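Quick notes on the structure that follows.
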Amino acid sequence: MSNRISQCFAHAKADNRAVLGIFMSAGDPSAEASAAILDKLVENGADMIELGMPFSDPMADGPAIQASSLRAIKKGMTLAGTLDMAKSFRARHPDTPLILMGYYNPIYIYGKDTFITDALAAGVDGLIIVDLPPEEDSELCDDARTAGLSFIRLVTPTTLGERLPVVLEKAGGFIYYVAIAGITGTKSAAKDTINAAFTRIREESSLPAVTGFGIRTAEQAAEIAHISDGVVVGSAMVSIIEQACAEESLDTEKLVNSVGTFCRSLSEAMKRS
Amino acid sequence: MGNTAPNSYKTLPDEAGRFGIHGGRFVAETLMPLILEVEKAYTKTKSDPEFESELLYYQRHYIGRPSPLYFAPRLTKHFGGAKLYLKRDELNHTGAHKINNVLGQALLAKRMGKTKIIAETGAGQHGVATATACALFDLECEVFMGAEDVRRQKPNVDRMRLLGARVHPVTSGTSTLKDAMNEALRYWVANPETHFYIIGTVAGPHPYPEMVRDFQSVIGKEAKEQIKQAEGCLPDALIACIGGGSNAMGLFHPFLDDKSVAIYGVEAAGHGIETGEHAASLTGGEPGILHGNRTYLLQTQEGQIKDAHSISAGLDYPGIGPEHAWLHDIGRVNYVSATDEEALDMFHLCSRLEGIIPALEPSHALAFASTLLPSLDKDKIVILNMCGRGDKDLEAVLPLLEARGKL
């Protein structure tokens with residue numbers, strides 16, 4: 001398991017707070033702006049970055065992240081480009097955990113072995129590959145784990161029964177609890193069901209567990225930070241880029257600052273809790 | 001893989017849902033419990049004689065099966081070679097083969113206690129078939145259809161609405177069939193307890209490719225009996241068009257182990273393979289992962305999925321069923337292609353010579369027949385799957401035929 005991930009959660013625990021993870025598609029709205037956004041996020045309290053590898057058909061994602069992914073592809077972002085972004089991020093931020101999140105096809109086409117080698121060389125800590133369930137572990141998970149990348153599993157409300165041990169068997173890094181039945185960014189997470197889910201997850205695993213997929217506001221983040229070891233915000237953050245892109249001309253500096261302000265509000269709200 | 005022929009071509013998929021390297025279960029964890037539930041229910045149901053007799057009842061009295069196997073004398077004479085038989089699945093209730101699969105899955109959904117159905121549709125034939133079965137079995141029906149197709153296929157949208165289905169125009173991605181499938185899957189994930197997803201072709205995560213194939217195999221089983229009665233022997237060749245490949249798999253599967261039978265699947269070459277504007281995943285694609293399975297896909301060098309193009313909305317899909325991908329790899333089935341223009345010619349020719357207005361999809365199969373049949377002796381027998389009727393295509397086709405001076 002990556003030291004950066006475990007240290008990040010250990011530090012947050014020592015400070016009696018939850019980890020704030022932020023999702024961003026690599027290359028949205030452009031490679032340069034995207035890199036600037038990542039820096040701004042870290043500066044404003046993001047403890048961990050989930051960098052989306054853009055894919056044309058993101059089946060588990062809602063409208064905001066779908067659109068983000070397409071904007072990035074349109075701007076020419078590729079998996080090779082995403083790995084380059086990861087590498088330069090790592091050079092600037094030696095301690096912030098960096099997770100690559102996406103779908104299997106671009107990796108399959110890039111070549112599994114090359115991808116693992118290049119991701120490690122870029123300083124990536126873990127992978128979330130949405131369409132690789134445990135049933136397909138021989139595709140990528142087994143080799144990635146052996147090479148030292150954490151393979152992070154999604155746990156959903158429908159996974160909490162007898163399937164949970166299957167899902168957690170090879171889980172690494174942390175557990176990502178999908179707070180809503182559905183796709184990213186569509187509904188809001190309910191606190192009580194999250195509470196029950198975490199009780200169940202902690203029976204099965206000692207890994208830290210974060211909550212994502214339904215957290216849109218600082219208030220929600222603060223509330224869920226009481227229950228969860230971490231909170232991931234994606235769609236709400238990505239929507240800020242969408243709004244900026246809808247304007248007549250894209251003001252990158254203004255966009256980077258808005259993202260920073262929202263990130264700061266999440267981080268502050270979670271600290272107060 | 002490899003080139004050695006297996007003892008039987010009918011033993012797959014394996015437990016992991018693989019056909020060679022193809023197939024599998026490449027879905028998000030949010031979907032995994034759902035497809036495992038479907039697999040469990042299907043495994044239990046398919047060997048249940050009560051289910052079998054219930055399905056048979058509806059096949060006979062509702063769909064109108066068996067569909068005739070018709071010797072096409074004038075097309076045979078026109079092509080000037082082997083005898084052409086048409087498997088008349090366009091005579092099924094709702095006008096295409098799609099209903100064969102839909103009734104099977106709808107009955108399964110009912111057994112699982114599901115009250116609501118989700119479906120994706122391109123041309124609208126699968127959507128209409130699903131809306132029909134939902135009316136019959138008193139199930140709620142949500143159909144996802146690319147916004148562009150909603151506009152192009154208005155008569156089918158109207159039929160679905162009349163039958164009581166809700167049609168959701170999909171504007172995400174490129175607003176086509178692949179996006180409709182993405183949206184249908186997203187909707188299913190958000191409504192796992194009450195809904196069953198009826199996939200319309202032999203693609204998607206395991207067990208769908210197997211299940212849809214099994215429900216469509218009635219086509220090939222009937223054809224085999226019928227040709228034995230008509231000619232006293234097996235056919236020499238089979239031809240069917242392929243988008244996802246369900247009508248083709250339905251005809252082919254019962255014949256896979258009959259090694260004397262040559263089998264041809266016809267993909268849509270659109271404006272021509274060389275133009276890049278086509279829907280021929282095997283001829284012009286590479287293996288990749290989409291919609292829950294590994295198969296040949298039209299994609300960029302970076303693994304982004306490309307849009308397919310075909311005059312036929314039913315073939316307009318950038319992938320193909322994983323079992324076809326495997327049959328291609330091992331060489332049991334020959335996959336060829338036909339262009340928009342060739343299909344249009346056949347649409348006209350078949351209407352004029354046989355009084356059968358074919359859908360644009362089987363018009364692609366006819367286009368290949370027009371080159372295969374003349375190359376075979378007159379005593380050879382070819383069966384072509386007439387998988388749908390062309391009424392739905394008139395609005396698109398008539399102006400094109402007029403422009404070509406054929407009307």
Side-chain angles (χ1 to χ4, degrees), chain A residues 53-63 66-67 69-70 72-74 76-82 102-111 128-136 138-139 153-164 166-167 176 178 180-184 186-187 213, chain B residues 15-18 21 23-37 39 170-174 176 178-179 181-195 204-206 286-295 297-307 318-319:
Chain A
M53 300 176 278
F55 181 49
S56 53
D57 292 77
M59 196 193 76
D61 284 297
Q66 289 171 41
S69 204
L70 290 180
I73 294 168
K74 225 172 176 176
M77 186 46 66
T78 60
L79 185 49
T82 304
Y103 295 78
Y104 185 40
N105 195 52
I107 297 171
Y108 181 70
I109 297 302
Y110 190 88
I128 303 176
I129 311 302
V130 177
D131 52 355
L132 286 179
E135 281 73 6
E136 302 292 353
S138 60
E139 294 286 335
R153 295 291 195 200
L154 301 185
V155 167
T156 75
T158 48
T159 323
L160 291 171
E162 58 185 28
R163 186 164 166 78
L164 192 59
V166 177
V167 172
Y176 191 129
V178 175
I180 49 166
I183 52 179
T184 50
T186 44
K187 299 180 202 165
F213 270 50
Chain B
E15 279 185 9
R18 295 299 177 103
I21 66 161
R25 284 181 283 221
F26 296 90
V27 297
E29 186 52 38
T30 40
L31 263 184
M32 204 59 210
L34 303 182
I35 64 164
L36 289 175
E37 189 193 359
E39 183 185 350
V170 173
T171 52
S172 63
T174 51
T176 58
K178 79 175 173 72
D179 305 293
M181 195 153 179
N182 287 332
E183 280 308 317
L185 288 164
R186 288 176 185 129
Y187 190 86
W188 196 23
V189 165
N191 300 279
E193 300 297 328
T194 44
H195 286 63
H206 180 61
E286 295 288 334
I289 292 91
L290 180 70
H291 294 151
N293 57 175
R294 176 165 25 231
T295 187
L297 299 172
L298 302 179
Q299 53 183 319
T300 67
Q301 286 181 338
E302 278 85 36
Q304 308 297 350
I305 307 306
K306 290 205 285 196
D307 272 335

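Since the structure is predicted, the reported quantities are computational estimates derived from the model, not experimental observations.
Neither the backbone nor the side chain of B:Leu34 comes within less than 4.5 Å of any heavy atom of chain A. Proximity to chain A is limited to the side chain of B:Leu185, based on heavy atoms less than 4.5 angstrom apart. At a 4.5 Å heavy-atom cutoff, the contact between A:Phe55 and chain B is made by backbone and side-chain atoms alike. Only the side chain of B:Gln299 comes within contact range of chain A, with at least one heavy atom under 4.5 Å from a heavy atom of that chain. Residue contact with chain B, scored on non-hydrogen atoms closer than 4.5 Å, involves the backbone and the side chain of A:Pro58 alike. At a 4.5 Å heavy-atom cutoff, B:Pro205 makes no contact with chain A through either its backbone or its side chain.
Under a 3.5 Å cut-off, the side chain of A:Asn105 and the backbone N or O of B:Ile289 do form a donor-acceptor pair. A distance-only check finds a donor-acceptor pair linking the side chain of B:Gln304 to the backbone of A:Pro54 [under 3.5 Å]. With hydrogens and angles ignored, the 3.5 Å screen pairs no side-chain donor or acceptor of B:Glu302 with any backbone N or O of A:Leu79.
A salt bridge between A:Arg163 and B:Glu37 is absent, with no side-chain N of the basic residue lying under 4.0 Å from a carboxylate O of the acidic one.
Ranked by heavy-atom pairs under 4.5 Å with chain A, the list B:Thr300, B:Thr171, B:Asn182 is led by B:Asn182.
With rounding to the nearest 0.5 angstrom, the CE atom of A:Met59 is 13.5 Å from the NZ atom of B:Lys178. The CG atom of B:Asp307 sits 9.0 Å away from the OG atom of A:Ser56 when rounded to the nearest 0.5 Å.
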